[in-house]
Amino acid sequence: GGSERPLDAEFWEEFEEALLAADLGVGTSERILEGLKTVARQEGWRSAGQAVERFRRDVERFLDLPGAPILLDRKPTVVLVVGVNGTGKTTSIGKLAARYTAQGKSVLLVAGDTFRAAAADQLAIWAERSGSQIVRGPENGDPAAVVFDGITAGIARGVDLIFVDTAGRLQTKNNLMEELKKIRRVTERALGRAPDRTLLVVDATTGQNAISQAMLFNEVTPLDGLIVTKLDSTAKGGVVLGIVERIERPISYVGLGEAIDQLEPFDAREFVATLFD
Amino acid sequence: QLSDRLGALFSRLTGRGRLSESDVTEALREIRVALLEADVSLSSAKSFVARVKERALGADILESLTPAQTIVSICHEELVALLGGAEARLQFSDAPPSVILLVGLQGSGKTTHAGKIALRLKEQGRRSLLVAADIYRPAAIAQLQRLGEQIDLPVFERGTADPVETARLGVAEAKRLGISTVIIDTAGRLQIDDALMTELERIRAVTKPHEVLFVADAMTGQEAANVADGFHRRLGITGIVLTKMDGDTRGGAALSIFERTGAPIKLIGVGEKLSALEAFYPDRLASRILG
Ligand SMILES: Nc1nc2c(ncn2[C@@H]2O[C@H](COP(=O)(O)OP(=O)(O)OP(=O)(O)O)[C@@H](O)[C@H]2O)c(=O)[nH]1
Ligand SMILES: Nc1nc2c(ncn2[C@@H]2O[C@H](COP(=O)(O)OP(=O)(O)OP(=O)(O)O)[C@@H](O)[C@H]2O)c(=O)[nH]1
Ligand SMILES: [Mg+2]
Ligand SMILES: [Mg+2]
């Protein structure tokens, strides 16, 4: 409603429903609501607009964490991309690669998904579209071997930036999370240090399970940030508040469509503004 | 666990004698929270709790020695009755070929489940022609072809030519080859993408499918019912495939989708392998959603 709308029980109820509908989750919604109601009493707010304004400011500030974008301050800069099945890892890598090749940087894509049908073919098309190089291995081969070879090749070729694509995996599958640990170890061995960024790709249409995804992936390979995809859908991606609350890492980029140019650096203000429309 | 939470709630309350109506109200709130945490949509959670309330108040809960168990049983029974009331088997035509159209959001598991369904039907003696109608996603056709090879079934594709025409020609091809079933894999799309939804309407018009299956990721959040509704209004969904149920998501989206569309849940995806397909068991899903 308008900013002149009174701050009454009906407003609070509608506000709570909007938070829930945006996938903030019961716990996060309740905490936010209690916090706002307390301040409303203390500061004697009368209009709904005051609550909405304060909410926006608080969440923007909460989500505005440092260390989000990929910086090419080391050569090669290595970015490991992880997440559950179908979230948009491969597509996001293609989009990210294009942003950097457009700046004249040399980019290498490593096809670390050796399992899923046509995964490497898919990445190869993104390499072509973005003007990147690609290293791939045999289907059903050891993904760690491809990752090691890929990073080694990237170092030898003097590329600026390497993206490592990995297979989608549900966070509760221990054998697959062990495989990811191995990929992480192998990355460190090939590079002589930790990867510069490990990014978790989360689908904005996902519900509360995204929190468990973030926590378990973070345990296996420490995350530096998130990519939230499919924000062009009707989903609001509100679960990321719960994620940031738990792992205290920034949202680095957002996916806004399937085309190569539909990826943006995360803008907290923009994100919060669309939570309610 | 809902029974533990209600048990803890009631043991606090029954410490002072029998339950009151307001105690029951508190239990219902707890149930609503459990459903929301399971990603059930707010409106489905509310209407479900209303159903339970009606039965709970008539069930002598206030006299019960084990009120928590009684309420949980009511929840479970109501959820099973709600989810289990529909025809859960795939429907086929008497006049082949029978057409199955797979639709849904990006990344939900359509292509994988085209392969899974084809394999399952093959094991039951029905041969399928897989039709590659996703002309957008890089290597989508290669992906379906790879799956076809794995299960030794043909894949009909015409590259990036008009997918509506490809679908129509695919059905004609199945007829020509005497193949009883056509499974059409389509591109993932948003229900709000008018151009792509129109494409899907045209595919349906020219192929006259006997099953239009909405493939839904089990971990979908609060938008699940709205998304499914968008597809249902324009296409008429005849069944739901719930994917990635091998994870630990509670799968509340299934209740929201089913409640909103009335389309029966027919198949459950439980892994990446083509053999990872299960029939739908309402009591299993009910237990999982209630947590
Ligand atoms: N609408 C929309 N679709 C997206 C976005 N990002 C990716 N997609 C689509 O989501 C689907 C899955 O994308 P992929 O890149 O294959 O996802 P993935 O995480 O690599 O999948 P797996 O490797 O199988 O786990 C594709 O159809 C993409 O086009 C986005 O921001 N918006
Ligand atoms: N664990 C698990 N993974 C699944 C299941 N079904 C599909 N997947 C995986 O989910 C990812 C996406 O599957 P696809 O079949 O490519 O999804 P899609 O709906 O065809 O994607 P688009 O065509 O891009 O819309 C792949 O990594 C699949 O292996 C399932 O039941 N369990
Ligand atoms: Mg991928
Ligand atoms: Mg597909």
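Heavy atoms only: backbone and side chains are in, while hydrogens, waters and symmetry mates are out. In what follows, chains carry the letters A, B, and so on, assigned in the order in which the sequence lines appear, proteins first and then strands, with residues in each chain numbered from 1. Given the structure is predicted, the values throughout are model-derived calculations rather than measurements.
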Does atom [atom1] of [X] have more than 12 heavy-atom neighbours, drawn from other residues, nucleotides or ligands, at distances under 6.0 Å?
{"X": "Arg202(B)", "atom1": "CZ", "value": "no"}
{"X": "Glu128(A)", "atom1": "CD", "value": "no"}
{"X": "Lys53(B)", "atom1": "NZ", "value": "no"}
{"X": "Glu13(A)", "atom1": "CD", "value": "no"}

Using heavy-atom distances under 4.5 Å, tell me whether [X] contacts chain B through its side chain, its backbone, both, or neither.
{"X": "Ala235(A)", "result": "both"}
{"X": "Lys173(A)", "result": "side chain"}
{"X": "Glu17(A)", "result": "both"}
{"X": "Thr206(A)", "result": "both"}

In Å, rounded to the nearest 0.5 Å, how long is the span from [atom1] of [X] to [atom2] of [Y]?
{"X": "Leu42(B)", "Y": "Glu16(A)", "atom1": "CG", "atom2": "CD", "value": "8.0 Å"}
{"X": "Arg32(B)", "Y": "Leu20(A)", "atom1": "CZ", "atom2": "CG", "value": "7.0 Å"}
{"X": "Asp217(B)", "Y": "Thr87(A)", "atom1": "CG", "atom2": "OG1", "value": "10.0 Å"}

[X] versus chain A, the contacting section by heavy-atom distance below 4.5 Å:
{"X": "Lys110(B)", "value": "neither"}
{"X": "Asp193(B)", "value": "neither"}
{"X": "Gln191(B)", "value": "side chain"}
{"X": "Asp248(B)", "value": "both"}

request  = Please determine, by modelled atom types, if Thr234(A) and Glu223(B) share a side-chain donor-acceptor pair under 3.5 angstrom.
outcome  =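 Yes, a side-chain donor-acceptor pair sits under 3.5 Å.
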request  = Please lay out, stage by stage, how Asp232(A) and Leu190(B) fare under the test side chain to side chain contact (heavy atoms under 4.5 Å, CB included).
outcome  = CA-CA 9 Å; Asp232(A) 48 316; Leu190(B) 304 180; 3.5 Å; yes
inquiry  = Please identify, among Asp23(A), Val26(A), Leu170(A), Ile125(A), the residue contributing the most non-hydrogen atom pairs under 4.5 Å to chain B.
reply    =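 Result: the option with the highest number of such pairs is Asp23(A).
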Evaluate the side-chain proximity of [Y] to [X]: yes if any heavy-atom separation is below 4.5 Å, no if none is.
{"X": "Arg137(B)", "Y": "Gln122(A)", "answer": "yes"}
{"X": "Gln143(B)", "Y": "Asp121(A)", "answer": "no"}
{"X": "Lys230(A)", "Y": "Leu105(B)", "answer": "no"}
{"X": "Met219(B)", "Y": "Val84(A)", "answer": "yes"}

inquiry  = Only pairs of heavy atoms separated by less than 4.5 Å count here; which of Ala38(B), Gly230(B), Gly188(B), Ala139(B) has the most with chain A?
reply    =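 Looking at each option in turn, the highest pair count goes to Ala139(B).
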key: Heavy-atom pair count under 4.5 Å with chain A, highest-scoring of Leu36(B), Leu144(B), Asp39(B), Leu147(B)   =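 Of the candidates given, the most pairs with chain A belong to Asp39(B).
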ask   = Which residues in residues 268-275 of chain B have any heavy atom lying under 4.5 Å from a heavy atom of chain A?
value =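 Interface residues of residues 268-275 of chain B: Gly271(B), Glu272(B).
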